[in-house]
Amino acid sequence: MSSVKKKITVITTGGTIGSILQSDHVAVDSSTHKIAQEIEAAKQTLGFDVDVVSPINKNSEVLSPADWLTILHAIDAACQTDCDGIVVTHGTDTMAYTVAAAATFSHLWTKKVCFTGAFLAPDLPASDTALSLLSALAFAAAETTPETTPETTPETQTSGVFVAFRSDETNSEAKILNAFDLKPMGFDEAVFNTVYDRVVGRYVPEVGLIDVGLSEAGLQPSVRNPTINSDVIPAEEAITAAQQKIACLPLYPGLDRGTLQAVSAGKEVVVIQLYHSGTGPFGESYPDVVAHIQESSSDTLYLLGSFPGKHIATPYGSTHALIASGGVLYRDIQPHFLYVFALLALASGKSRSEIREMLKGWEV
């Protein structure tokens, strides 16, 4: 066994994992002293060398798409070093969006990237900060990155971006999740979950990493996701401009054409979050969605997310109508990922037709 210490770059961005408890609220620790202590403790436990960089120090609800770029540049810079892996600490509220951005450019990363965060601030007794850091550092250092296959293309490349987060509120175990599978945390959830409950591996403090790289028992180490066929991270000015060209809208019963027109006016791309069966308002009582897409799809690309391919073999009538009207429906791509992907693609100078082509492998 090699005696060379593993070396990990930790990119801190703030969030609950980098926060302290104030008298009446949780706030980001402007000194970053607490998270530095927690990283040092994890480093000593695992026996790793750790370099820490802090390009951002904000609550995740404050992060904008421009901040994603700062984090992507930090990942890119870390990939140019001799580190064995990269850990990014991040707040839970918008982690899924930043993780999607990192996965969208995963073809640029030469190191494994593992995001982590905490549900409870480090100075709370039940905090999961220690578990998060231990599991993320251990996984980032482990030689478990799935290899690409001969069929792998730039558009369907195995992602090297993952998330480590606790499995339950006892903090007895952490799950390792693939970035593309990660679901935004629900309002009543205290852990992150993934599409179809897929898990890459687990971390138990007393044992270390377990089940990593296995394909049985629902463990899925090799999940492909769309990537943008560009070798350059877009500029901040480009993503600011692209934000004016895209909108994201969840459907709801009674949605009227006026709202649809207001949302999509002047937009090149509109991401529509469908009901869980891949359906939307439909029929004589609800003609507006289908009619609006039909009349405006020549000027606007409507990305519809998503169709749960594992559970529904035969689409519903409204699903067929949405496709026939000009909407583009995707299988198993979550709406937040469609939004992040399309936004970064627009910022990278991609056209609507190029965006659709890059997502073609998931189109229903």
Side-chain angles (χ1 to χ4, degrees), residues 1-12 16-17 35-52 83-90 92 95 99 111-122 124-147 158-179 181-183 185 189-223:
M1 181 180 294
S2 174
S3 61
V4 177
K5 281 187 176 182
K6 292 290 186 177
K7 184 176 181 180
I8 304 297
T9 295
V10 177
I11 301 169
T12 68
T16 297
I17 195 169
I35 186 64
Q37 286 183 320
E38 296 288 340
I39 293 171
E40 179 64 23
K43 164 188 167 181
Q44 295 299 329
T45 298
L46 296 172
F48 292 170
D49 285 332
V50 175
D51 289 332
V52 181
C83 73
D84 297 295
I86 300 165
V87 168
V88 183
T89 65
H90 196 290
T92 56
M95 184 189 291
V99 165
K111 315 284 185 179
K112 191 191 311 177
V113 180
C114 188
F115 281 73
T116 196
F119 190 79
L120 296 171
L124 293 173
S127 176
D128 48 328
T129 297
L131 175 64
S132 293
L133 289 171
L134 288 168
S135 58
L137 286 164
F139 182 72
E143 297 178 1
T144 55
T145 302
E147 295 182 357
T158 301
S159 173
V161 183
F162 302 86
V163 174
F165 207 78
R166 68 181 186 177
S167 300
D168 53 47
E169 295 182 46
T170 68
N171 298 333
S172 61
E173 176 191 273
K175 294 181 291 188
I176 312 299
L177 313 171
N178 190 280
D181 282 340
L182 187 73
K183 294 193 279 191
M185 193 181 290
E189 294 178 326
V191 301
F192 275 108
N193 292 299
T194 57
V195 172
Y196 306 133
D197 294 321
R198 290 193 288 230
V199 176
V200 174
R202 304 178 192 279
Y203 178 88
V204 177
E206 298 80 11
V207 179
L209 289 169
I210 59 174
D211 296 333
V212 175
L214 299 180
S215 59
E216 61 267 20
L219 301 175
Q220 300 287 334
S222 184
V223 178

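The distance from atom CD1 of Ile176 to atom CD1 of Ile210, rounded to the nearest 0.5 Å, is 10.0 Å. A distance of 11.0 Å separates CZ in Arg166 from OG1 in Thr116, rounded to the nearest 0.5 Å. Atom CD of residue Glu173 and atom CZ of residue Arg202 lie 5.0 Å apart, to the nearest 0.5 angstrom.
Without hydrogens or angle criteria, Lys112 side chain to Ala142 main chain gives a donor-acceptor distance under 3.5 Å. Side chain of Asn171 to main chain of Ala126: a donor-acceptor pair is present (N/O by atom type, distance under 3.5 Å, no hydrogens or angles).
Paired with Phe192 under the rule ring pair (Phe, Tyr, Trp, His ring centres under 6.0 Å), one option of Phe165, Phe162, Phe115 passes, and it is Phe165.
The shortest side-chain heavy-atom distance between Ile39 and Thr12 falls under the 4.5 Å cut-off. In this structure, Asp128 and Leu120 have side chains that are in contact, with non-hydrogen atoms separated by less than 4.5 Å. The shortest distance between side-chain heavy atoms of Asp51 and Lys7 falls below 4.5 Å. In this structure, Leu133 and Ile17 have side chains that are in contact, with non-hydrogen atoms separated by less than 4.5 Å. Inter-residue side-chain proximity for Thr9 and Val87 is flagged as unmet; no heavy-atom pair is nearer than 4.5 Å.
Across all their heavy atoms, Met95 and Val163 have their closest contact at SD-CG1, 4.0 Å. Nearest heavy atom pair, residue Ala118 against residue Ser132, reads CA-OG, 4.4 Å.
Applying the side-chain hydrogen bond (donor to acceptor under 3.5 Å, both in side chains) criterion to Glu38, with sequence neighbours excluded, gives no partner residue. Residues forming a side-chain contact (heavy atoms from CB on, under 4.5 Å) with Ala174 (at least two apart in sequence, or on another chain): Leu131, Ser135, Tyr203. For Thr194, the side-chain hydrogen bond (donor to acceptor under 3.5 Å, both in side chains) test picks out no residue, with sequence neighbours left out. The side-chain contact (heavy atoms from CB on, under 4.5 Å) test applied to Ala41 returns no partner, not counting sequence neighbours. Under the side-chain contact (heavy atoms from CB on, under 4.5 Å) criterion, Ser172 pairs with Asp168, Thr170, not counting sequence neighbours. The side-chain contact (heavy atoms from CB on, under 4.5 Å) test applied to Asn193 returns Lys175, Lys183, Glu189, Val191, not counting sequence neighbours. Considering only residues two or more places apart in sequence or on other chains, Glu169 meets the side-chain hydrogen bond (donor to acceptor under 3.5 Å, both in side chains) condition with none of them. For the side-chain hydrogen bond (donor to acceptor under 3.5 Å, both in side chains) test, residues two or more places apart in sequence or in another chain that qualify with Gln44 are Glu40.
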Residues Phe139, Val200; criterion side chain to side chain contact (heavy atoms under 4.5 Å, CB included); working and verdict:
CA-CA 10 Å; Phe139 182 72; Val200 174; 4.1 Å; yes

Take Val10 and Leu137 through the test side chain to side chain contact (heavy atoms under 4.5 Å, CB included) and record every step on the way to the result.
CA-CA 8 Å; Val10 177; Leu137 286 164; 3.9 Å; yes

